[in-house]
Amino acid sequence: MEILVIIALALAIVHFGIPLSYYFIARRSWLPLPWRVKRDESYRPKISIILPTYNEEKIIEKRLDNIFSQRYPRDLLELLIIDSSNDETVEKIEDWYRRHEGFPLKLMHESERRGKAYALNEALKISTGEIAVIADADAFWEEDALPEAISWLSDASVGAVTCLKRPMNDGSAKIEGSYRNYYNVMRLAESKKFSTPIFHGELAAFRKDLLEKIGGFPTDIGSDDSHTATMIAMNGYRSIAPEGVLCSESVPEKGYGEWRIRRAQHLVQHFSRMLSHIGIAPEGFRKILAIETYLHIFNPWLLIIAAGILVYGALEGSSLSDLLLGSGLLLLLYSPYRTWVATQLYLMMGAVRNIWTKEIAWEKQEKYRKRTNEAIK
Ligand code: GDP
Ligand code: MN
């Protein structure tokens with residue numbers, strides 16, 4: 001029995017020790033690094049903003065207002081909306097356009113819904129910009145996020161730029177909030193070191209020649225944003241989340257868990273695919289990719305195995321198991337720990353769920369209080 005408890009303890013130490021050490025080392029050694037990027041704030045290439053939409057009737061007009069309010073020369077941008085909705089999204093976009101005639105907007109409708117990445121690739125084919133900026137309907141760009149993001153691409157070594165995230169509503173979003181603190185520090189530190197393998201579809205700007213080189217967005221896995229940025233980093237370019245580029249997103253009030261599991265599923269798909277590439281990653285990126293892959297695919301399981309052993313030990317009457325299990329449960333009162341444990345559960349559930357569904361075309365999450373007629377019926 002004792003040996004089992006020691007194994008459980010060792011697993012728990014590894015489970016918490018690796019990410020904590022990674023966090024502290026990244027914060028101390030990478031976060032203070034200079035960017036090593038020559039940034040021209042007046043850089044204004046032609047850009048194509050690509051906004052895929054699936055049943056976004058409730059939010060789309062606000063989102064268009066938000067994109068409209070970004071300071072970027074109108075003659076140097078195009079907004080390509082690629083829609084596969086079966087609600088009133090298209091009508092809402094047309095209404096909005098009537099009030100903003102002259103805004104360089106192109107609306108395409110897909111005859112069939114084939115998932116977000118497929119839609120992005122369709123828009124990419126007709127885009128004319130040097131830079132493709134991916135947007136998402138239920139997020140918002142903070143003031144000047146767009147010109148800020150673009151300015152980082154003035155340096156030829158930067159291939160992709162994403163935003164740091166702030167959740168919009170509170171409530172279940174509290175977990176989301178504390179998760180993001182740790183999370184944003186990591187994105188920033190990895191970006192300064194070289195590149196971050198996790199990107200945000202809420203605002204992700206890619207150099208188009210590089211997108212073409214890697215064959216566009218992957219349509220067979222879900223994390224189109226992170227995977228694309230990572231492939232760009234694999235080609236030796238920086239994929240970064242700089243501090244001045246901020247976006248906020250709404251968090252589902254209902255179905256928060258399902259939402260997190262779906263996103264976890266996509267990250268697991270992305271990192272599983274990267275597993276065989278770690279050895280050939282560019283020097284500055286290898287360690288980041290190796291650790292993040294480990295943290296997303298393997299590390300969560302150590303926690304559940306340790307917990308399983310301790311439960312078994314407790315049932316067998318081991319008081320050391322009682323003590324360790326009790327401390328682990330008591331710590332759940334501490335919110336960063338609770339957030340961490342929840343994230344591990346989402347990653348494991350995501351990995352298991354990947355066995356039967358990849359969630360390439362996912363159910364639209366209700367992120368607003370207003371219910372659809374269907375839900376009321
Ligand atoms: P989340 O941010 O991970 O919760 O994902 P969302 O549900 O917000 O989806 C991201 C963006 O892709 C949103 O603007 C969706 O409307 C859009 N989207 C999702 N699935 C599809 C699809 O199958 N086709 C198209 N055209 N857009 C999609
Ligand atoms: Mn979204």
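Indexing begins at 1, ligand by ligand and atom by atom, following the structure's order.
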Could an N or O of ligand 1 be found under 3.5 Å from any N or O of [X], whether backbone or side chain?
X: Asp136; value: yes
X: Ala361; value: no
X: Arg114; value: no
X: Asp83; value: no

Testing the 3.5 Å rule here: is there a donor-acceptor pair between the side chains of [X] and [Y]?
X: Arg63; Y: Asn66; result: yes
X: Glu112; Y: Tyr118; result: no
X: Ser151; Y: Arg39; result: yes

Of the protein's non-hydrogen atoms, which lies at the shortest distance from [atom], and what is that distance?
atom: atom 1 (P) of ligand 1; result: Arg263 NH2, 3.2 Å
atom: atom 17 (C) of ligand 1; result: Pro52 O, 3.4 Å
atom: atom 4 (O) of ligand 1; result: Lys367 NZ, 2.6 Å
atom: atom 25 (C) of ligand 1; result: Ser84 OG, 3.3 Å
atom: atom 23 (O) of ligand 1; result: Arg113 NE, 2.7 Å
atom: atom 3 (O) of ligand 1; result: Arg262 NH1, 2.7 Å
atom: atom 9 (O) of ligand 1; result: Trp362 CZ2, 3.4 Å
atom: atom 18 (N) of ligand 1; result: Tyr54 CB, 3.8 Å

Inset, instruction - Just to the nearest 10 degrees, tell me the angle at the Mn ion (ligand 2) spanned by Asp138 OD1 and Asp136 OD2. - result: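 Output for this angle: 110°, rounded to tens.
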Under 4.0 Å from any heavy atom of [X], which atoms of ligand 1 are there?
X: Ala137; value: 13 (C), 14 (O)
X: Ala119; value: 25 (C), 26 (N)
X: Lys364; value: 7 (O)
X: Glu56; value: 13 (C), 14 (O), 15 (C), 16 (O)
X: Trp259; value: 1 (P), 4 (O)
X: Asp138; value: 8 (O)
X: Glu202; value: 2 (O)
X: Ile82; value: 26 (N)

Can you tell me if [X] uses its side chain to pair, donor with acceptor, with the backbone of [Y] under 3.5 Å?
X: Thr196; Y: Ile240; result: no
X: Asp83; Y: His109; result: no
X: Arg207; Y: Val158; result: yes

Inset, instruction - Kindly assign one of parallel, tilted or perpendicular to the pair Tyr182 and Trp340, based on the angle between their ring planes and the thresholds 30° and 60°. - result: perpendicular
Inset, instruction - Anything under 30° is parallel, anything over 60° is perpendicular, the rest tilted; go ahead and classify Tyr256 against Tyr346. - result: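 Perpendicular: the ring planes of Tyr256 and Tyr346 meet at over 60°.
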Inset, instruction - List the atom of Ala229, the atom of Ser239, and the distance in Å for their closest heavy-atom pair. - result: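 Taking Ala229 first and Ser239 second, the nearest heavy atoms are O-OG, 2.8 Å.
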Legend entry - Contact summary for Glu56 and Ser85, nearest pair of heavy atoms: N-OG, 4.3 Å
Inset, instruction - Decide whether the shortest distance between a heavy atom of Gly201 and an atom of ligand 1 is less than 4.0 Å. - result: no
Legend entry - Test item, His266 contacting ligand 1 (heavy atom, 4.0 angstrom): no
Legend entry - Under-4.0 Å salt bridge between Glu359 and Arg353: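 Looking at Arg353 together with Glu359, the answer is yes, because their closest N to O distance falls below 4.0 Å.
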Inset, instruction - Could you grab the distance from atom CD of Gln70 to atom CD of Glu142, nearest 0.5 Å is fine? - result: 9.5 Å
Inset, instruction - Check Leu289, Ile288, Ile291 against Glu190 for a side-chain contact (heavy atoms from CB on, under 4.5 Å) and give me the one that passes. - result: Ile288
Legend entry - Aromatic ring proximity, centroids under 6.0 angstrom, Phe206 and Phe217: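 Ring centroids of Phe217 and Phe206 are less than 6.0 Å from each other.
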